[in-house]
Each structure stands twice: as C-alpha cells, then as structure tokens.
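What follows is a set of notes on a single structure, which appears directly below.
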2 protein chains.
Amino acid sequence: MRADARRNVEGIRQAALDVFRTGGLTTPLDEVAKAAGVSKGTIYHRFGSRTGLINAVVEELVAERIAGIIEAVDALDGPPLLRFEEYLLRTWLLQYDEPAANDVLMRVLPESEPLTELFWRACQFGSRLLYEAQAAGVVRADITPDDLVYLILERGVIARACDQQTRDDYRRRLDFVLRGLRTFRM
Amino acid sequence: MRADARRNVEGIRQAALDVFRTGGLTTPLDEVAKAAGVSKGTIYHRFGSRTGLINAVVEELVAERIAGIIEAVDALDGPPLLRFEEYLLRTWLLQYDEPAANDVLMRVLPESEPLTELFWRACQFGSRLLYEAQAAGVVRADITPDDLVYLILERGVIARACDQQTRDDYRRRLDFVLRGLRTFRM
DNA sequence: ACATTACTTGACGGCATGGTCAAGAAGTTA
DNA sequence: TAACTTCTTGACCATGCCGTCAAGTAATGT
C-alpha cells in the first residue's frame, strides 16, 4: 500500500468517526469525503461500500459505548428493578445522544455483521435483566424479550424523528414509559 | 368549467381518497394520477399543489374519523380514567389503521389550515380528558398537555416506522404506555 | 363545420442521493 | 529521471420525487 493511500485510509476513518458521530450512520458519504479532504470515489475504492466503511469504524464509534453501559449496569448491585430500569434508561439516553449508536440499535444496516452482533449483545443483556426483574415480581410478567426490543426500537424512531424536544423533556417522558413496565403497587 | 374538467376533478378526488387512505398523505402524486387515469399535470392544474388536493379531500378522508372518536368518547359515561384511556387508545389505533389520519396527527403538512384545525381539535379534547382525569387523581399529575401531544406524535412515528409489527402486538404494547400514565396503586 | 377557448399531456429541469469507472495524477523503483 | 504501478478524481449514470409549461387535444358555441 502506497504512503498516500495509507494516509487517506486513516483520514477517512477519522472523518467518518467525526461525521457519523453527529449525523448517524446514514449521513451521505460525500460529507465524509469532504471532511477527509478526498473524493467520494476514494472511499468506495478503499472501503468497498458504505457498510465497509462503517464496519471499519463501528468498534471505535459505538461498541465501547454500548459495552460501557452493559458493564456499568452489570457492576451495579441493587435490586433487579433498579438494574433493569437503569439499563433501559441509559440505553434510551444513548439513543438520544448518539445517532450512530441509535442506528445500531435500530438495525439500520441489517447486512453488517459487526452491527448485528452489537445489537444482539445489547438485547441479550436486556433480556437477562428483564428476566431477573420479572422473577422478582417487580416488572409486568407479560412483557416479552421481543417487547423489549420494540421498546428500544421505538425510542430510536422517536429520538430520530422528534428531534425538537429537549433532552430534559425526552428524559422526563422516559419515566412514564418505565412506570408502565412495573407491576402494580410500585 | 368544461364537462371533462368536472369529471376529472371528481375522478381525482376519488382517486386521492383511495390512494391517500392506504398510503398516507405523502404518497407520490403520480400514483394518484395513475389511479385517476389522468396525468400529474392535471392534478396540479386543478388543485394547485399537493396541499390543495389534500385540503380538498381531508374532510371526507380524515375529519370524520377523528370527529367520530371524539364524539364516541364524549358520549361515553364512565369514570375519567376510562374516558381518558379510551380516547388515547382509539386515537393510537386510528394512527395504526389509517396512515392519512396519522399524518394529520403528526402534522406532516403544517401549512395546511384544515389539517392544523383538525389536529388542534384532537389535542384540545385530549387535554380536557387529561385535566379531568388528573382532577380525579387517577392520572399522574406531572403530565402536561404537551406530553399528551408527544404521546400521540410518538405513536405516529412508531406506527409509520415499525410497520412489521402486527396490530395485535401494537395494541398489546399500548397497554404498557397507558399504565405508565396512571397514578400508582391502580 | 369551424373558430375559439378550455383542458390535458408528458417531457423537462431541479434536487438529493447512491454507486461506478476511464482518465489523469502521483508515489515508487531502478 | 524515466518507467511503472498505484491511487485519486469528478463527471457520469441511475433512482425517485417535485413542480412547470409549451405544445397538442378536445369540448363548446355559433
């Protein structure tokens, strides 16, 4: 690989991290190209496709955020309800704060393996917490893991579409949703 | 107005009712044109713009559905919680069933007066029910009319984006949301 | 039947995006 | 430095939508 090519690959990765971070994974590649100071063609030449580029940055871009939440909540020792709700809350806020992470959780690119993998890790951890909370009788028993996936997907769609609402309002409204998942008399 | 023109106007209205009903208010006008057996140009010539066409059909297309819900719930004599929840439930289901009605409730065309008017009627009735339910102490006191608007907007976004989910699943999940709005010990 | 006027058409330009590739630019090597 | 190879470019095609308008078509009145 020639020196300029290596330089460009790195530049494109950095630009992609930057641009995707704020605009999500569906940002036009021209913007990445402009930010990297190269032309769109170079990106395709180097990474094959949009998915190729995403796979090359997803680890640094999103994986650690999601892993961070999982670890943090896993380390939390509190009652099952707290752990369950804390996980949902953090995930939902991540979806608001980071369009790219949201795209992963919304399965915007189903054809990307790393993204699918990430998504499943998040789901499975959520299911575990759900199960524990239900076993403790603090969360409605009729909620399924599928419902959980939908709760996250829903919030993703909302975070994307309702971008006029402030973070505080978004946050406050999450409480309503959490309340709806608890068993009565909480 | 010439006879053929009158025929076309009516044909276009019917086609628009049909096409918008299933596809929502943002369906490409070419589809309406094809359904009406005329060309796109004729629609623009006759109705001026997409908004013009929508205004010409919205009454028949959506107004009565929304008015129907308001009347039905208004006529319902039950406790405030039931009325409040019944209204939300019916509205949310309407959003699932009728993309066009959903577009109205989501304010997809803010520049259309008839649509804005409709939207506000729905909101105001909802606010009234909310107020009554809160006065009775059965719904969380910290929910504002704005929150209500958002709850409807949210469901709209979801109904649009998550169209894989069956109506039954959608319906079942609405219960979670309703539960979250109640005061404790319900 | 013909002139007049109303009406319709569909090709067109515009915009935004995705992805491709021949031609030219620039490192690399001897 | 000259030949060779790699790399980059941006114009290009394709898609899908909006809205327009000159040119063609057809109803109407006398």
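Since the structure is predicted, the reported quantities are computational estimates derived from the model, not experimental observations. Reminder, nothing fancy here: chain letters follow the sequence lines and each chain counts from 1.
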Helical bend (five base pairs per end, nearest 10°) for the helix from dA1(C)-dT30(D) to dA30(C)-dT1(D):
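So the angle between the two local helix axes works out to 20°.
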Using a cut-off of under 3.5 Å, enumerate the N/O to N/O pairs linking the protein to nucleotides 28-30 of chain D.
| unit_1 | atom_1 | unit_2 | atom_2 | d |
| --- | --- | --- | --- | --- |
| dT28(D) | OP1 | Ala3(B) | N | 3.4 |

So, are [X] and [Y] salt-bridged, with charged N and O less than 4.0 Å apart?
X: Asp169(A); Y: Arg172(A); answer: yes
X: Arg90(B); Y: Glu86(B); answer: yes
X: Arg7(B); Y: Asp4(B); answer: no

Can you name the residues that form a side-chain hydrogen bond (donor to acceptor under 3.5 Å, both in side chains) with Arg121(A), not counting sequence neighbours?
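Once residues adjacent in sequence are excluded, Arg121(A) has no partner under the side-chain hydrogen bond (donor to acceptor under 3.5 Å, both in side chains) criterion.
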Pairing residues for Arg173(B) by the side-chain hydrogen bond (donor to acceptor under 3.5 Å, both in side chains) criterion, not counting sequence neighbours:
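For Arg173(B), the residues satisfying side-chain hydrogen bond (donor to acceptor under 3.5 Å, both in side chains) (neighbours in sequence not counted) are Asp147(A), Gln165(B).
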Applying side-chain contact (heavy atoms from CB on, under 4.5 Å), name anything that partners Ala63(A), two or more places apart in sequence or on another chain.
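Once residues adjacent in sequence are excluded, the partners of Ala63(A) under the side-chain contact (heavy atoms from CB on, under 4.5 Å) criterion are Glu59(A), Leu118(A).
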Under the side-chain contact (heavy atoms from CB on, under 4.5 Å) test, residues paired with Pro79(A) that sit two or more places apart
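With sequence neighbours excluded, Pro79(A) shows a side-chain contact (heavy atoms from CB on, under 4.5 Å) to Leu82(A), given in chain and number order.
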Pairs meeting criterion ring-ring contact (aromatic ring centres under 6.0 Å, His included) with involvement of residues 95-114 of chain B, two or more places apart
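For residues 95-114 of chain B: Tyr96(B)-Tyr170(B).
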Could you list the residues that satisfy salt bridge (charged side-chain N to carboxylate O under 4.0 Å, His left out) with Glu60(A), not counting sequence neighbours?
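If we apply the salt bridge (charged side-chain N to carboxylate O under 4.0 Å, His left out) test to Glu60(A), skipping adjacent residues, the hits are Arg13(A).
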For Arg46(B), salt bridge (charged side-chain N to carboxylate O under 4.0 Å, His left out) partners two or more places apart
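Once residues adjacent in sequence are excluded, Arg46(B) has no partner under the salt bridge (charged side-chain N to carboxylate O under 4.0 Å, His left out) criterion.
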Transitive ILVMFWY cluster of Tyr131(B) at side-chain heavy atoms under 4.5 Å: who else is in it?
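Joined to Tyr131(B), directly or through intermediates: none.
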Write down the distance between [atom1] ([X]) and [atom2] ([N]), rounded to a whole number of angstrom.
X: Leu25(A); N: dG18(C); atom1: CG; atom2: C1'; value: 16 Å
X: His45(B); N: dT5(C); atom1: NE2; atom2: P; value: 16 Å
X: Glu10(B); N: dC7(C); atom1: CD; atom2: P; value: 16 Å
X: Phe47(A); N: dT20(C); atom1: CZ; atom2: P; value: 16 Å
X: Asn8(B); N: dA6(C); atom1: CG; atom2: C1'; value: 12 Å

Which comes earlier along DNA chain C counting from the 5' end, the contact point of Ala5(B) or that of Gly48(A), where each point is its nearest nucleotide?
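That would be Ala5(B).
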Of all of residues 27-38 of chain B, which get a heavy atom below 4.0 angstrom from DNA chain D, listed by number?
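Within residues 27-38 of chain B, the residues near DNA chain D are Pro28(B), Leu29(B), Asp30(B).
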Taking donor-acceptor contacts at under 3.5 Å, does the side chain of Lys40(B) reach the base of dG19(D)?
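Side chain to base: pair found, below 3.5 Å.
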Matching residue for Gln134(B) among Val139(B), Asp142(B), Thr144(B) - test: side-chain contact (heavy atoms from CB on, under 4.5 Å):
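Between Gln134(B) and the candidates, side-chain contact (heavy atoms from CB on, under 4.5 Å) is satisfied uniquely by Val139(B).
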Arg155(B) vs Ile152(B), test: side-chain contact (heavy atoms from CB on, under 4.5 Å). Steps then yes/no.
CA-CA 5 Å; Arg155(B) 234 16 71 176; Ile152(B) 290 173; 5.8 Å; no
Can you pull every protein N or O that's under 3.5 Å from an N or O on nucleotides 21-24 of chain C?
none

May I ask you to evaluate whether Arg46(A) reaches the phosphate of dT8(D), defined as a side-chain N or O under 4.0 Å from OP1 or OP2?
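Indeed, a polar side-chain atom of Arg46(A) lies that close.
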